[in-house]
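Below, all heavy atoms of this structure are taken into account, side chains as well, without hydrogens, waters or symmetry copies.
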There are 2 protein chains.
Amino acid sequence: MQRKWKNFSQSFEKCPMFNGISTDEIMDFLICSKAELKQYSKGEIIISQGEKITSIGILVEGKAEAMKIDPHGNAYLAAQISEGNIFADLLAAGEDRECPVTVIATKDSAACMIPWKSVLIRCEKNCHKHNIILENLIKAFSNKFFELFSRIDCLTARKVEDKVLTLLEKYRKDGEDKIKLPFDREGMANYLAIDRSALSRELSRMKDKGIIDYNKNEFVILKKVNI
Amino acid sequence: MQRKWKNFSQSFEKCPMFNGISTDEIMDFLICSKAELKQYSKGEIIISQGEKITSIGILVEGKAEAMKIDPHGNAYLAAQISEGNIFADLLAAGEDRECPVTVIATKDSAACMIPWKSVLIRCEKNCHKHNIILENLIKAFSNKFFELFSRIDCLTARKVEDKVLTLLEKYRKDGEDKIKLPFDREGMANYLAIDRSALSRELSRMKDKGIIDYNKNEFVILKKVNI
DNA sequence: GGTGGTAGGTTGCCAATGCAACGAAAATGG
DNA sequence: CCATTTTCGTTGCATTGGCAACCTACCACC
């Protein structure tokens, strides 16, 4: 039984949920919490939009994407899920909520599904690692929340220029001039909910005006517009 | 000691954090968790942008607003906090995170500040109500998360018409035609990050085109545009 | 080296929408 | 019940940005 989890120990170790937990303790927890292993072929649906989920998932192998269908029927990318990422966590932790996205495996994948109840309820052995895991999870919730929150800052700016500057500020590391974004242009445009060509145009304009400089996905803010 | 909390029992009772907990048990919890009462005059700052907070707050009296300063120095409203609302919860539950907003009392107010550590750590008495409170809080986290998530759906629509329709769908209750929004026009425009007059214009247009009907903040979707 | 594919810059066009200003209607306060 | 304030709709104007089409540079693969 424990064997199957061992194969994926690397994924578990990089999962923020298990920060500060030894590999052996992780294995103990997985057994104690009655986690299940599910496997998916490339293209297979892991969770459908509208479905109700009571287990949190950890992607232990492969890659997946959360797609959202808008009212016009267009599908667009809501999130990428890589090895070691947690998914469906806030969904399972909520009360009887429908999944707002469809999660699809983009490679052959495996996921570890952990019943939310067994995360929440202390196991009989009262293992104190259990507490740390819950605490880690809650921190992950907080991070996900503030990630959305800061995206909203970008989205509520009324002009492309302001959206870009807000985005750059968000990714600026203290003391560093270079800002490296984790997007290509199309990803950046999607994140900001604007047209790719309009973004390109505006970036050029901002470079001409001397507000920013950039090369591929590395940016520098030259001129503080305001504070 | 317990006296001071009694004055605010109504606020605690409507706080989702204490769902299913009796008033007496709430009082026990507040003492056990070393909660503190803080009072603020109208206009006083409760939390400053950039501050780090380790206690979650419950507004037990008055009213407050979370204001955000954008890069141009404009302040805008990020959230309203009424009696019985929890605030700074995801902030305190995160790790060492700076508050992204400034919280200001808009009336003379009182807040109960509960150290996050004492929510997370089981008290020595191992009171099982403690678990329910934590579970309630996590559900509240989930709700706040999905609230943001669905706002992003509205914000990422490229046209005002789509933003409006997405918003209406979000507030539509199953089986009811009338959709009542908790905004005035200006609030609605802010939520959707568009100009108020542009919203008014578009609403009129949509009424003319027979897509929706409305009266004040009550709306009806007449024509399904798509699915 | 050639070839096909992809990412990203450019541009023209025009509809969408931000902005400002105004007026009407409704709500509030005395 | 009147006066004041607030909310909401309307409109003209200038700007913005979505869309489509095209081009270039770069990369991978043969």
Please tabulate, for side-chain N and O atoms in residues 183-192 of chain B, each donor-acceptor pair with protein atoms closer than 3.5 Å (sequence neighbours left out).
| unit_1 | atom_1 | unit_2 | atom_2 | d |
| --- | --- | --- | --- | --- |
| D184(B) | OD1 | E186(B) | N | 3.4 |
| D184(B) | OD1 | G187(B) | N | 2.7 |
| R185(B) | NH1 | K216(B) | O | 3.2 |
| R185(B) | NH2 | K216(B) | O | 2.9 |
| Y191(B) | OH | E147(B) | OE2 | 3.0 |
| Y191(B) | OH | K170(B) | NZ | 3.2 |

Side-chain ([X]) to main-chain ([Y]) donor-acceptor, under 3.5 angstrom:
X       : Y       : answer
T106(A) : K63(A)  : yes
N217(B) : L181(B) : yes
S204(A) : S200(A) : yes
E218(B) : N215(B) : no
D108(A) : S41(A)  : no

(Q) For a quick check, with a 4.0 angstrom heavy-atom cut-off, what is the B/S/- contact string for nucleotides 14-28 of chain D, read 5' to 3'? (A) ---BBBB--------
**Q.** the helix from dG1(C)-dC30(D) to dG30(C)-dC1(D): angle between end helix axes, five pairs per end, rounded to 10 degrees
**A.**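 If I round to tens, the end axes sit 60° apart.
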Atom-pair distance ([atom1] on [X]; [atom2] on [N]), nearest Å:
X       : N       : atom1 : atom2 : result
K209(B) : dA15(C) : NZ    : P     : 13 Å
L192(B) : dT17(C) : CG    : P     : 11 Å
N217(B) : dA27(C) : CG    : P     : 11 Å
D208(B) : dG9(D)  : CG    : C1'   : 12 Å
Y214(B) : dT7(D)  : OH    : P     : 17 Å

Q. Mind checking whether T23(A) and F12(A) have side chains closer than 4.5 Å, heavy atoms only?
A.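 T23(A) vs F12(A): side chains apart.
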Q. Are E61(A) and S11(A) side-chain neighbours, meaning at least one heavy-atom pair lies under 4.5 Å?
A.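 The answer is no, as the side chains (C-beta and beyond) never meet within the 4.5 Å cut-off.
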Q. F141(A): what forms a ring-ring contact (aromatic ring centres under 6.0 Å, His included) with it, not counting sequence neighbours?
A.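 By the ring-ring contact (aromatic ring centres under 6.0 Å, His included) rule, F141(A) matches no residue at all.
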Q | Counterpart residues, side-chain hydrogen bond (donor to acceptor under 3.5 Å, both in side chains), relative to S22(B) (two or more places apart) | A |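 Result, side-chain hydrogen bond (donor to acceptor under 3.5 Å, both in side chains) vs S22(B): E25(B).
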Q | Ion pair check, K38(B) and E44(B), cut-off under 4.0 Å | A |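 No, no charged N to carboxylate O under 4.0 Å.
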Q: May I ask you to list the residues of residues 183-191 of chain B, by number, that have any heavy atom positioned under 4.0 Å from an atom of DNA chain C?
A: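 Nucleic-acid contacts, sorted: none.
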Q: Give S200(B) one of three labels, base, sugar-phosphate or nothing, depending on what nucleic acid heavy atoms sit under 4.0 Å from its own.
A: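 Base, at least one base atom sits under 4.0 Å.
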